Amino acid sequence: MHRFANPARFLRIARVATPILTLTGLICSAVGLWIGLFASPPDYQQGESVRIMYVHVPAAWLGSGGYLGLAIASAVALVWRHPLAEIAARAIAPVGALFTAICLVTGSLWGKPTWGTYWVWDARLTSMLVLLFLYLGYLALSTAEAERGGGKGAAILAIVGVVNLPIIKYSVEWWNTLHQGPSIKLTGSAIAPAMLMPLLVSLAGFTLLFGAIVLMRMRAALATQQVTARARRLAEAHA
Amino acid sequence: MSVFIGLVRRDLALALLRPGTLALPVVFFVLVAALFPFAVGPDARLLARIAPGVLWVAALLAALLPVETLVEPDRADGTLDQLVVRGLALELVAAARLIAHWLGFALPLLIALPVAAILLQVPMAVLPRLALGLLLGTPALAALALVAASLTAGLRGGGALAGLIVLPLALPVLIFGVGIAAPGALRLLAASSLVAVAIAPFAAGAALRGATR
Amino acid sequence: MSVFIGLVRRDLALALLRPGTLALPVVFFVLVAALFPFAVGPDARLLARIAPGVLWVAALLAALLPVETLVEPDRADGTLDQLVVRGLALELVAAARLIAHWLGFALPLLIALPVAAILLQVPMAVLPRLALGLLLGTPALAALALVAASLTAGLRGGGALAGLIVLPLALPVLIFGVGIAAPGALRLLAASSLVAVAIAPFAAGAALRGATR
Amino acid sequence: MTAQHLRVDDLACERGGRRVFEHVGFTLAPGGALQVEGANGAGKSSLLRLLAGLLDPAGGTIDNPFAVAWVGHEVTLKPGMTLLAELHHWARIDRRSAADVDAALARFDLSALRELPCSVLSSGQRRRAALARASLSGAALWLLDEPSVGLDAASRARLATTLADHRGGGGLVVAVTHEPLGLDAPQRLRLGE
Amino acid sequence: MTAQHLRVDDLACERGGRRVFEHVGFTLAPGGALQVEGANGAGKSSLLRLLAGLLDPAGGTIDNPFAVAWVGHEVTLKPGMTLLAELHHWARIDRRSAADVDAALARFDLSALRELPCSVLSSGQRRRAALARASLSGAALWLLDEPSVGLDAASRARLATTLADHRGGGGLVVAVTHEPLGLDAPQRLRLGE
Ligand code: HEM
Ligand SMILES: Nc1ncnc2c1ncn2[C@@H]1O[C@H](COP(=O)(O)OP(=O)(O)OP(=O)(O)O)[C@@H](O)[C@H]1O
Ligand SMILES: Nc1ncnc2c1ncn2[C@@H]1O[C@H](COP(=O)(O)OP(=O)(O)OP(=O)(O)O)[C@@H](O)[C@H]1O
Ligand SMILES: [Mg+2]
Ligand SMILES: [Mg+2]
């Protein structure tokens, strides 16, 4: 657990990992998207608009997956006071929020041709919107706390938010959903392999990019942290 | 225990010193109720249909109004320090504050409910159910408001920030509350209040500990 | 004059509205708008119909949220004393605070309007009229909130309560606001805002002078 | 004609319906200093508020031709703002330049703290900030309520020299205090005797 | 076995990521007093907060077997409450009797003001109220941050005797101050040297 506790070691590892993730991520998503957008068959009922899926679905998964990561990092920060965990959480949040937003935008763009409207109050759409709000709440609180000089609030919020996620999922029972249910399962996916393959490839690519961006942000955060600390010492030296 | 009761009594006494704080949510609640008939027009059926939702949203937002003065003053004037030094668990303090806040915010709201209901032309038959729903649901709202207030104590942009934190978490309560017609909704409402009230003191306590540092 | 602008700038800075952090209140409003579909159900036609009401509820909430922190802190920490000693008219201070308060909640509200409109399924054609209505009506809400805040500053008990008496005056504004479809409603909105904004600085100033004594 | 004076005659003060003091009078010429003493609750702060026009006399007259700089018991700094932002704000109202702000910061040895948010300043640092604000206001009459409270020895010396300089430039000082401020040859006024 | 002591060893303090002081250590026996001095910003209040458990040490250890009474820079009185109500509230938490409250009020000559709302008290009267609250808490270790600030001569004398009595009864005092408190033979700790 504490193997990475010391920022120096983390930085050493991250310095190597970042470019690798970035490169492979770019390649995978490029390939996946290229196949998806040009080299895969149009959907027999949705036509070309189905191609949005290759962005939409990975974004959706990373959006929700990112929040899980955020909550876990926050828990580690709270329980073990792990120095890097908080930085990790603050690095993950905006990226996850971004993917969530992408999912929402692509989704509603997809909605216009398929459902005839940009937005419907459908269980899944709504739950995704709420997820975005949770992200934004975390971001606002954590920055405000950083301004004051730290605090546990944002971490607590992130964890409490996770308690809320399943509840949001169950809201399906209050609305009949327009959105399609899970068609991709580990066994026997209800989706044509010609579509599944590029989807999974771009998913892998996006995931790698997600990791790369988080690492970059963590490194940046650590750097600024050291700089400001030094500046503070200098200033106060002759106070 | 006597200490706990003492804390609740004290919080209530302080709240009574500032009845403006107590009245503000009620004023807001009634204003919102008075507003919607004009928004949707005279159609009574339509009005009756949205009435529970409107009342619940109004209640939810009303719970947010005192958020900036719920704990911040105690942090700023050193009250929290005095309590911590005496070895009182901030969770206990938060629990006392939660009870006081609920009494100070939910009771006036329930008293104002009939007025609001009349304004929204809610059939009197529905009123008891609505009241029961609010009675069961408002503890959750109070709990969320307390947590938000503790989280944002001493931070800029208190109100909007607190709202951003509370509202997503309050959605389940809102959904259960509006759906009280549905079977078992009341039970779900009570359940979510129980959960919220059970967790809130610990979340708030931890947040306050951070704020005194 | 430069002093006046300085006061407004300062108030904005204190109200978290440093450029960039505008995002927070904007999101807050989208969130408030998003509450109603949960409360009244996803029926698009219904939502579109109550949309004006929803937006005005958001406006009212935003105007009232800071009532307790709008002027009281300045009294308690001696800011008002510093201003009075410098020979600044408290009316001027109040006017600056009024503008800052309005910018602080009405601007984000207007920015959030398009998104809220999509969520509430408001036909784009109606949007400009809604925006215009908010633009014309919200100054009145800001003015009333400021007067209430000034009247309650430093007072406790009955006095603090009395300060809230002005708030029901918001009802006409809200009614004109949600009824913007009606002929002449916009003119009425503008008129009530004009009156409120013209009177508020003097009422608030007088109240503040009392509070510093 | 003679130079302007701060003239106070047969002043009486009431707080909450209670007569706190009466028959207080004095005259202060440019360059002069009045040191107000007395037990807690004798009405020293109330007297300052009367002189500043923050309170209405229950009797008597105050004739004050001078602009006023006010340092009350409260330091009046907004937690979120940096020290520099605070002083700049008040300097703008007083129509003073950024140079004046820097000078005032230096005068009370606050230059190194200028970028810190006021919420993190120590009590003495805050008090020094309040004094700096008064010293850069350019007002002729300084009303100081226990200005040396919470200051360390070095800062008290700075305060003394600042007050001396101000008086040297024809400024007036009315200071409430429970301990010597290093004012040279001040007039003294004891309340509550 | 020996009596319990307050033991502080190699203590370090950080505020806002900055090291304020380090290598601070002392031992205080029952009846003992520590007078903490140092320039503004040297970390005196921070040290008190560490001792009170209101702040986490950046290094070192604090071994404090005693109950704590806290008098910080803030007086912590609710404006609308009467002085008596305030003291009663804290006395209830400290499980002290009404008689203790009256004694504390008398000790700091506040008995006449008991029915006044705290908002109207003068600064020195407030500070005395804060001291009275500490003196009736029954805690053995008193942590006082500049307790004599704003007090008139008589009240300072009362404070000195109160502290002496407390130490006489086996109590401990850690007091931050910029001026003599009349503690007899206190240990001294200068921060920021
Ligand atoms: C704003 C609108 C939309 C949102 C917020 C949204 C959200 C989501 C989410 C959260 C997922 C991930 C589900 C999971 O966790 O397994 C998902 C998957 C998916 N979405 Fe959407 N969606 C939207 C619109 C659409 C539209 C219009 C279509 C096409 C008709 C669509 C087709 C899909 C498909 C095919 C999947 C993968 C199905 C699966 O295996 O889970 N979505 N969407
Ligand atoms: N707003 C008020 N209403 C009623 N009485 C007040 C008010 N403000 C102050 N008093 C009373 O007036 C008296 C004088 O208060 P003042 O603050 O002037 O005393 P002071 O001389 O400054 O004391 P200190 O040395 O403690 O600052 C006090 O007894 C106080 O209780
Ligand atoms: N919350 C905080 N965040 C960052 N820095 C802080 C914080 N609180 C205090 N400081 C800094 O820590 C240093 C010590 O503060 P502290 O209040 O302990 O000083 P002090 O010795 O009590 O000074 P004074 O004599 O003025 O009371 C100061 O330089 C202050 O700026
Ligand atoms: Mg005084
Ligand atoms: Mg200090």
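Bear in mind that the values here come from a model prediction, so they are computed numbers and not experimental data. Lettering of chains follows the sequences in order, A, B, ..., and the numbering in each one begins at 1.
Considering every non-hydrogen atom in both C:A51 and C:V122, the closest pair reads CB-CG2, 3.2 Å.
A donor atom on one side chain and an acceptor atom on the other are found under 3.5 Å apart for C:T138 and C:W102. Side chains of D:S148 and D:E179: a donor on one and an acceptor on the other come within 3.5 Å. Side-chain atoms of D:R107 and D:S135 include a donor-acceptor pair closer than 3.5 Å. Defined by atom type and a distance below 3.5 Å, a donor-acceptor pair is present between the side-chain atoms of D:D152 and D:S155.
Take D:F108 and apply the ring-ring contact (aromatic ring centres under 6.0 Å, His included) test, not counting sequence neighbours, and it matches no residue. With sequence neighbours excluded, no residue satisfies side chain to side chain donor-acceptor pair (under 3.5 Å) with D:D63.
For residues 50-59 of chain D, heavy-atom neighbours of chain C at less than 4.5 Å comprise D:A52, D:G53, D:L54, D:L55, D:D56, sorted by residue number. Within residues 77-90 of chain C, the residues having any heavy atom under 4.5 Å from a heavy atom of chain D are, by residue number, C:D77, C:G78, C:T79, C:D81, C:Q82, C:L83, C:V84, C:V85, C:R86, C:L88.
Using a 4.5 Å cut-off between heavy atoms, C:R209 makes no contact with chain D at all.
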Begin with the C-alpha distance, continue with both residues' side-chain angles, and end with the deciding distance and a verdict on side-chain contact (heavy atoms from CB on, under 4.5 Å) for D:L116 and D:L83. CA-CA 6 Å; D:L116 289 184; D:L83 180 52; 5.8 Å; no

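Paired with C:L98 under the rule side-chain contact (heavy atoms from CB on, under 4.5 Å), one option of C:D11, C:L146, C:V93 passes, and it is C:L146.
The backbone N or O of D:V75 lies less than 3.5 Å from a partner atom in the side chain of D:R133, making a donor-acceptor pair.
Interface remark: of the candidates D:K78, D:R92, D:H73, D:R15, D:K78 forms the most heavy-atom pairs closer than 4.5 Å to chain C.
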